[in-house]
K.L.:
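Can you keep this structure in mind? I'll have questions shortly.
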Amino acid sequence: ICGERYKTPPLIAPQMSWNFSQSRELINKIYVSPQDQKLVESFEQSFSEIAKPWFSQPTPRLFDRVLLKFPEVSGEALLQRLYDQLLVDPSKYYETMDTTNFCRWHHFKTFSAWWEPKPAVEDLESLLVIDSGWLVTKDFAKILKTTYEEIKAEQSW
């Protein structure tokens with residue numbers, strides 16, 4: 001669940017789930033988004049001109065979400081604008097899309113002692129996490145690209 005390099009703090013270790021198959025089963029019960037590796041990878045690749053995938057090389061991961069870094073715009077600005085463009089009900093915010101931008105998460109230093117390799121602050125501020133369910137939504141990729149371009153244009157002089 002946490003990756004092979006995760007260093008568990010001693011007080012938390014006994015409470016962790018260490019059985020991979022049980023963890024996978026639990027994840028599947030809790031979160032039922034489609035896990036389509038080809039769809040997720042092709043979506044991430046289709047944004048290669050404006051965004052970088054979080055996983056740059058083959059990495060064990062779940063394919064129920066897209067993780068893209070948009071280095072030229074804020075992940076928080078992009079997320080909020082997407083919610084407006086897609087008419088997402090505010091009560092559903094952060095259920096299917098989120099960001100690691102520090103406007104939303106203020107506790108990066110809590111994790112910096114054990115997070116190896118430590119991600120760059122710029123990567124965290126530009127990361128957008130998108131549930132794979134959005135990939136089959138009509139024109140989602142087009143809306144995401146248009147929203148990105150609008151924000152980038154507003155930032156330009």
Side-chain angles (χ1 to χ4, degrees), residues 1-31 33-83 88 92-135 140-141 144-145 147-152 154-156:
I1 293 174
C2 297
E4 62 188 39
R5 301 185 118 207
Y6 175 72
K7 296 176 185 169
T8 306
L11 294 175
I12 297 175
Q15 308 304 318
M16 301 279 307
S17 173
W18 295 102
N19 184 314
F20 178 76
S21 60
Q22 283 180 333
S23 299
R24 181 71 146 181
E25 187 178 318
L26 181 62
I27 289 169
N28 288 336
K29 285 180 184 176
I30 294 172
Y31 199 70
S33 291
Q35 293 202 35
D36 187 336
Q37 181 174 351
K38 288 182 182 179
L39 181 63
V40 168
E41 287 177 340
S42 67
F43 188 87
E44 290 176 346
Q45 185 62 34
S46 72
F47 279 81
S48 62
E49 292 183 18
I50 59 174
K52 299 175 185 170
W54 180 263
F55 299 109
S56 59
Q57 54 189 325
T59 304
R61 64 177 277 199
L62 295 174
F63 289 94
D64 62 345
R65 67 201 73 190
V66 170
L67 290 100
L68 289 171
K69 298 178 285 186
F70 292 85
E72 297 183 353
V73 301
S74 161
E76 180 69 16
L78 188 54
L79 179 67
Q80 293 302 320
R81 189 78 59 93
L82 271 174
Y83 285 149
V88 175
K92 303 293 183 191
Y93 282 10
Y94 311 113
E95 286 185 11
T96 58
M97 282 189 281
D98 210 340
T99 181
T100 52
N101 189 286
F102 297 142
C103 289
R104 174 142 161 69
W105 302 100
H106 305 290
H107 56 281
F108 172 66
K109 291 183 180 181
T110 305
F111 305 110
S112 63
W114 57 262
W115 198 345
E116 293 293 333
K118 192 180 304 183
V121 169
E122 296 80 21
D123 288 344
L124 293 173
E125 291 186 344
S126 66
L127 180 66
L128 196 63
V129 181
I130 304 165
D131 181 274
S132 63
W134 282 106
L135 305 186
F140 177 74
L144 178 56
K145 285 180 182 178
T147 303
Y148 164 83
E149 290 165 0
E150 287 172 1
I151 294 171
K152 189 174 175 194
E154 288 174 5
Q155 295 176 161
S156 302

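Numbering starts at 1 and runs along the sequence shown. All values reported here derive from a predicted model rather than from experimental measurement.
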K.L.:
Please confirm whether the backbone N or O of Leu82 pairs with a side-chain atom of Thr147, one donor and one acceptor, at under 3.5 Å?
P.N.:
no
K.L.:
Measure the shortest side-chain to side-chain distance between Leu144 and Phe47 over non-hydrogen atoms and say whether it is less than 4.5 angstrom.
P.N.:
yes
K.L.:
Please report the closest heavy-atom contact between Met97 and Tyr83, naming both atoms and the distance.
P.N.:
O-OH, 2.7 Å
K.L.:
Test: salt bridge (charged side-chain N to carboxylate O under 4.0 Å, His left out). Region: residues 36-56. Which pairs qualify, not counting sequence neighbours?
P.N.:
Glu44-Arg61
K.L.:
Begin with the C-alpha distance, continue with both residues' side-chain angles, and end with the deciding distance and a verdict on side-chain contact (heavy atoms from CB on, under 4.5 Å) for Lys69 and Ser126.
P.N.:
CA-CA 5 Å; Lys69 298 178 285 186; Ser126 66; 3.6 Å; yes
K.L.:
Tell me every residue that passes side-chain hydrogen bond (donor to acceptor under 3.5 Å, both in side chains) with Glu154, counting only those two or more places apart in sequence or in another chain.
P.N.:
Arg81
K.L.:
Restricting to ring pair (Phe, Tyr, Trp, His ring centres under 6.0 Å), what partner residues turn up for Trp54, sequence neighbours left out?
P.N.:
none
K.L.:
If you look at every heavy atom in Glu76 and Cys103, which pair is closest and at what distance?
P.N.:
CG-CB, 3.8 Å
K.L.:
Mind checking what makes side-chain hydrogen bond (donor to acceptor under 3.5 Å, both in side chains) contact with Ser74, not counting sequence neighbours?
P.N.:
Asn101
K.L.:
List in chain and number order the residues that pass side-chain contact (heavy atoms from CB on, under 4.5 Å) with Thr59, two or more places apart in sequence or in another chain; answer none if no residue qualifies.
P.N.:
Phe55, Gln57
K.L.:
Checking Tyr148 side chain against Ala51 main chain: does a donor-acceptor pair fall under 3.5 Å?
P.N.:
no
K.L.:
Can you name the closest pair of heavy atoms from Leu124 and Thr100 and give their distance?
P.N.:
O-OG1, 2.5 Å
K.L.:
Taking all non-hydrogen atoms of both residues, which atom of Phe63 and which atom of Val40 are closest, and how far apart?
P.N.:
O-CG2, 3.3 Å
K.L.:
Got Leu128 and Leu79 here, is their nearest side-chain heavy-atom distance under 4.5 Å?
P.N.:
yes
K.L.:
Any heavy-atom pair between the side chains of Val66 and Leu135 that's under 4.5 Å?
P.N.:
yes
K.L.:
Got a donor-acceptor contact below 3.5 angstrom from the Tyr93 side chain to the Asp98 backbone?
P.N.:
no
K.L.:
Please report the shortest heavy-atom distance between Val73 and Ile151, naming the atom on each side.
P.N.:
CG1-CG2, 3.8 Å
K.L.:
Minimum heavy-atom separation for Phe140 and Ile130, please, with both atom names.
P.N.:
CZ-CG2, 3.8 Å
K.L.:
When you compare the side chain of Leu127 with that of Leu67, does any pair of heavy atoms fall below 4.5 Å?
P.N.:
yes
K.L.:
For Lys152, which residues count as a side-chain hydrogen bond (donor to acceptor under 3.5 Å, both in side chains) partner, sequence neighbours excluded?
P.N.:
Glu72
K.L.:
Could I get the full list of side-chain hydrogen bond (donor to acceptor under 3.5 Å, both in side chains) partners for Ser21, not counting sequence neighbours?
P.N.:
Asn19
